[in-house]
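What follows is a short report on a single structure.
Just so it is clear, the values below take in all heavy atoms, side chains as well, and ignore hydrogens, waters and symmetry mates. Just so we're on the same page: letters track the sequence lines, and every chain starts at 1.
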Amino acid sequence: MPSAAQSEPVEASDDLKELTLLVLSISDEGFQIRTSEQDYPKILKKSGEFDFDGLSVRLSDLKKRYPKLSDVVISPDSKIKYQIIVRVLDSCREVGFPNFSISG
Amino acid sequence: MKSLVQSGDPLHHQTFIRTPRRRKHNFVLRLTSMIDIFTILLIFLLKNFTAEGQILTTADDLTLPVSSAINPPSTTSIVTITKEWILVDGKPLEALKRAASDKALLLNNLFEDLKAKRILTESAANLDNRMAFRGEITIQGDEEIPFEILKRVMYTCGQVGYNNILLAVASEPQ
């Protein structure tokens with residue numbers, strides 16, 4: 001994964017790590033993660049099913065990059081089923097983002 | 001069987017009739033150990049029953065989503081969303097079809113009922129501080145409901161002041 005933050009001075013990136021906002025949107029196509037710094041490529045559905053393993057991998061990468069971050073905003077499409085939302089919440093919690101808010 | 005008894009073989013004859021009959025008279029019910037077992041069972045069931053609380057009661061047409069969460073449920077008011085109805089503490093308030101077709105985000109019936117509940121809780125809090133309004137509410141939704149409905153219910157709860165929303169889920173089968 002490309003990391004732009006490494007070249008920056010340590011103090012500045014530390015501040016950034018606290019201020020980063022993590023948004024996870026769920027659409028019919030799959031998941032997409034955005035932070036206040038950059039957009040990550042979509043995690044597309046695999047053979048019609050949501051790719052929760054891919055999501056977990058992506059989230060744990062993010063956790064390594066922003067160890068202090070524990071908040072995530074989840075924004076599902078209106079057609080997304082409750083079970084999918086709960087599984088996404090599970091993935092977030094297991095990886096280390098226990099504070100989630102849901103936005104509509 | 002009859003042919004076996006009449007076969008003329010004395011050994012066969014005896015073993016067949018004797019053994020099962022005699023045992024019957026020797027049988028004694030051991031009450032002490034049985035009472036022990038039942039007492040333990042009773043205590044076990046009672047403990048389980050109180051720990052789970054009210055949240056155990058689910059409607060027939062409601063399947064909770066499966067999750068790996070392990071936090072125990074707490075006793076709050078419960079908003080239930082089944083495939084057809086939205087209920088608060090078991091009282092049906094809004095048909096799901098109507099709620100989905102409505103343009104407005106706020107569900108009026110739900111709003112009024114929750115507001116009444118909040119006022120009730122707050123007047124109880126005047127009598128005893130332990131009953132204070134904490135803004136906690138549990139949402140028990142069917143796994144199939146779309147986010148659209150969940151969003152409206154959550155928004156309505158938030159408007160009344162129930163901002164601490166707990167989502168009820170079923171625990172993963174081991």
Side-chain angles (χ1 to χ4, degrees), chain A residues 21-34 42-46 48-63 70-104, chain B residues 58-59 61-71 73 78-86 96-97 99-107 135 137-159 162-173:
Chain A
L21 184 69
L22 185 64
V23 180
L24 198 171
S25 41
I26 313 170
S27 69
D28 218 23
E29 291 182 320
F31 308 115
Q32 178 156 34
I33 296 178
R34 293 191 190 87
K42 275 191 177 168
I43 304 168
L44 295 174
K45 273 186 178 175
K46 275 185 187 160
E49 299 278 323
F50 281 96
D51 181 11
F52 289 101
D53 294 333
L55 178 70
S56 291
V57 171
R58 179 70 54 80
L59 283 172
S60 41
D61 281 349
L62 275 163
K63 185 68 190 177
S70 66
D71 301 12
V72 52
V73 179
I74 292 163
S75 121
D77 268 9
S78 53
K79 293 274 181 282
I80 299 299
K81 285 181 178 161
Y82 186 39
Q83 172 72 70
I84 304 295
I85 299 170
V86 169
R87 287 191 64 184
V88 170
L89 296 181
D90 274 354
S91 306
C92 291
R93 195 166 32 79
E94 279 158 13
V95 167
F97 298 101
N99 306 334
F100 21 75
S101 22
I102 299 182
S103 93
Chain B
T58 50
D61 55 344
L62 181 92
T63 321
L64 290 177
V66 176
S67 160
S68 60
I70 47 164
N71 291 350
I78 297 174
V79 181
T80 309
I81 313 169
T82 69
K83 289 188 184 77
E84 281 162 21
W85 286 93
I86 297 175
L96 210 63
K97 271 185 198 150
S101 62
D102 208 349
K103 279 274 186 302
L105 216 48
L106 194 79
L107 304 168
I137 196 148
T138 305
I139 295 183
Q140 221 181 24
D142 188 88
E143 58 181 2
E144 294 289 312
I145 57 160
F147 178 61
E148 183 73 34
I149 299 290
L150 187 70
K151 181 172 76 181
R152 288 177 184 193
V153 172
M154 286 175 84
Y155 175 79
T156 310
C157 293
Q159 287 299 303
Y162 288 98
N163 286 314
N164 218 335
I165 297 172
L166 311 159
L167 299 174
V169 288
S171 54
E172 262 173 355

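- The ring of B:F147 has its center no closer than 6.0 angstrom to the ring center of A:Y82.
- Considering only heavy-atom pairs separated by less than 4.5 Å from chain B, the leading option among A:R87, A:R93, A:E94 is A:R93.
- Residue contact with chain A, scored on non-hydrogen atoms closer than 4.5 Å, involves the backbone and the side chain of B:I145 alike.
- With hydrogens and angles ignored, the 3.5 Å screen pairs no side-chain donor or acceptor of A:D77 with any backbone N or O of A:I80.
- Per-residue counts of heavy-atom pairs under 4.5 Å with chain B were compared for A:V86, A:I85, A:I84, A:I26; the largest is that of A:V86.
- Contact annotation for A:L89: only side-chain heavy atoms (C-beta onward) come within less than 4.5 Å of a heavy atom of chain B.
- Using a distance-only test at 3.5 Å, with no hydrogens or angles considered, a donor-acceptor pair links the side chain of A:K45 to the main chain of A:D28.
- A cation-pi geometry, defined here as NZ or CZ lying under 6.0 Å from the six-membered ring centre and within 45° of its normal, holds between A:K63 and A:F97.
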